[in-house]
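Note that the structure is predicted; figures quoted are calculated from it, not measured.
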Amino acid sequence: MKKTLKQNHPFHLVDQSPWPLVTSFSVFSMLMGTIKWFHLYDNTLFIMGLTLTSLASYQWWRDITREGTYQGHHTLKVVNGLRWGMILFITSEIFFFIAFFWAFFHSSLSPSIELGMNWPPKGIKPFNPLEIPLLNTLILLTSGLTITWSHHSLMENNANQAIQSLFITVFLGFYFTLLQGYEYLEAPFSIADSAYGSTFFMTTGLHGLHVIVGSTFLLICLIRMIKNHFSANHHFGFEAAAWYWHFVDVVWLFLYISIYWWGS
């Protein structure tokens, strides 16, 4: 007769998994592919790394979804640990963005002689903050409202409204990315155009990457919500995605006011 193992603690001892190692090698390949793309104009390694990263991430998320939804490993203690982990992750992201804002204000508040002691530097035509940037601001603010609507609907066991409002949020996230891509294509300056170009594209591009990650995070939550993975008192995966999305919203407000409006 097979003996079953019982644990006398509320913590989750994670099973051995290949995904952390596979994902790290995939991300490394993707970053090396980015360097190769920039220097040799060959994006094959980047595409391979991105594909492997996406596949490994999907299977890693699948395992975590099974642990939390079907196997019951996400106890109150485990969820509390996940909550603090997400808080610390978002805090680290805040300091990451502070570094890029620091670079922007360092150059803009006291432009050097190489910049002509002007900001924006002479010859650079900045974006009109009342055109696409303002539209993108309204899109993200609206998405912040719809994600909050979805969260409250979920807590009130209103599945239809939760799914509908989350779908609107995901749509707005990808619409933002589409508009930012169009803005980049129409940009009258490049990342190589002085400190203005480098700080503009690094900061807005990094935020755009976070929007893509956040939209994907919310899309996974939408699929899980349709499959009834969340309940009114057990939905931390969705809650973490909502926190991340609000963080993206707030960073964009600072970015719009400082770089698009004041910086132009």
Side-chain angles (χ1 to χ4, degrees), residues 6-24 26-27 53-54 56-102 140 143-157 162 165-166 169-170 173 206-207 209-225 227-255:
K6 291 183 179 179
Q7 62 179 45
N8 297 316
H9 56 80
F11 301 102
H12 177 209
L13 302 179
V14 184
D15 296 331
Q16 289 184 348
S17 172
W19 309 129
L21 186 63
V22 172
T23 303
S24 63
S26 302
V27 171
T53 302
S54 301
S57 299
Y58 172 81
Q59 292 173 99
W60 198 353
W61 293 343
R62 176 205 62 190
D63 290 351
I64 294 171
T65 300
R66 286 173 177 170
E67 291 168 0
T69 308
Y70 302 116
Q71 297 174 342
H73 289 313
H74 289 184
T75 61
L76 290 175
K77 277 280 188 188
V78 172
V79 169
N80 191 48
L82 293 172
R83 184 171 277 111
W84 275 107
M86 194 65 193
I87 289 169
L88 292 173
F89 169 68
I90 291 175
T91 303
S92 71
E93 291 284 284
I94 290 170
F95 281 96
F96 191 37
F97 273 100
I98 285 173
F100 291 98
F101 278 108
W102 189 300
L140 277 190
S143 71
L145 292 174
T146 54
I147 191 72
T148 304
W149 172 23
S150 181
H151 192 192
H152 281 272
S153 299
L154 182 61
M155 290 191 293
E156 293 172 3
N157 286 317
S165 51
L166 185 54
T169 308
V170 172
L206 184 67
H207 177 269
L209 179 63
H210 280 72
V211 171
I212 293 171
V213 171
S215 301
T216 307
F217 200 173
L218 291 173
L219 179 62
I220 298 298
C221 288
L222 177 63
I223 295 169
R224 293 187 64 195
M225 194 176 284
K227 290 178 175 289
N228 291 319
H229 285 187
F230 300 130
S231 66
N233 55 5
H234 194 274
H235 56 265
F236 177 71
F238 172 76
E239 198 174 350
W243 289 357
Y244 189 82
W245 196 250
H246 286 307
F247 155 73
V248 168
D249 278 352
V250 172
V251 169
W252 175 259
L253 288 177
F254 281 102
L255 199 150

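The closest side-chain heavy-atom distance from Y244 to V213 is below 4.5 Å. Between M225 and L154 the shortest side-chain heavy-atom distance falls below 4.5 Å. Taking 4.5 Å as the limit, every side-chain heavy atom of P18 sits out of range of all side-chain heavy atoms of L21. Using a 4.5 Å heavy-atom threshold, the side chains of D249 and H246 count as touching. No side-chain heavy atom of R66 sits less than 4.5 Å from a side-chain heavy atom of H73. In this structure, W84 and I87 have side chains that are in contact, with non-hydrogen atoms separated by less than 4.5 Å. Contact annotation: the side chain of F97 approaches that of F247 to within less than 4.5 Å [non-hydrogen atoms, C-beta and beyond]. Looking at heavy atoms from C-beta onward, W19 lies out of side-chain contact with S57 at the 4.5 angstrom threshold.
Classification of the F96-F100 ring pair by plane angle, with boundaries at 30° and 60°, yields perpendicular.
Atom CG of L88 is surrounded by more than 12 heavy atoms from other residues, nucleotides or ligands within 6.0 Å.
Under a 3.5 Å cut-off, the side chain of H210 and the backbone N or O of L206 do form a donor-acceptor pair. S92 contributes a side-chain N or O that, together with a main-chain N or O of F89, makes up a donor-acceptor pair within less than 3.5 Å. With hydrogens and angles disregarded, a donor-acceptor distance shorter than 3.5 Å links the side chain of H207 to the backbone of V248.
Separation of the H151 and F238 ring centroids falls under the 6.0 Å cut-off.
In this structure, CD1 in I147 is found 5.0 Å from CG in L166, a value given to the nearest 0.5 Å. Residue S165 holds its OG atom at 11.0 Å from CG of L145, rounded to the nearest 0.5 Å.
In terms of heavy-atom proximity, N157 sits nearest to A232 at OD1-CB, 3.5 Å. Between A162 and S150, the shortest heavy-atom contact is O-OG, 2.8 Å. For the pair R224 and T65, the tightest heavy-atom approach, listed with the atom from each and the gap, is NE-CG2, 3.5 Å. V170 approaches L219 most closely through the heavy-atom pair CG2-N, 3.8 Å. Of all heavy-atom pairs between C221 and G237, the closest is SG-O, 3.7 Å. Smallest separation of non-hydrogen atoms from G72 and T75: O-CG2, 4.2 Å.
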Give the C-alpha distance, both sets of side-chain angles, the deciding distance and a yes or no for side chain to side chain contact (heavy atoms under 4.5 Å, CB included) between T69 and F230. CA-CA 8 Å; T69 308; F230 300 130; over 6 Å; no

Would I212 and S215 count as a side chain to side chain contact (heavy atoms under 4.5 Å, CB included) here? Give the steps. CA-CA 5 Å; I212 293 171; S215 301; 5.8 Å; no

Pair I64-H74, side chain to side chain contact (heavy atoms under 4.5 Å, CB included): steps then yes or no: CA-CA 9 Å; I64 294 171; H74 289 184; 4.0 Å; yes

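A donor-acceptor contact closer than 3.5 angstrom is absent between the side chains of H229 and H235. A side-chain donor from one of W245 and S143 sits under 3.5 Å from a side-chain acceptor of the other.
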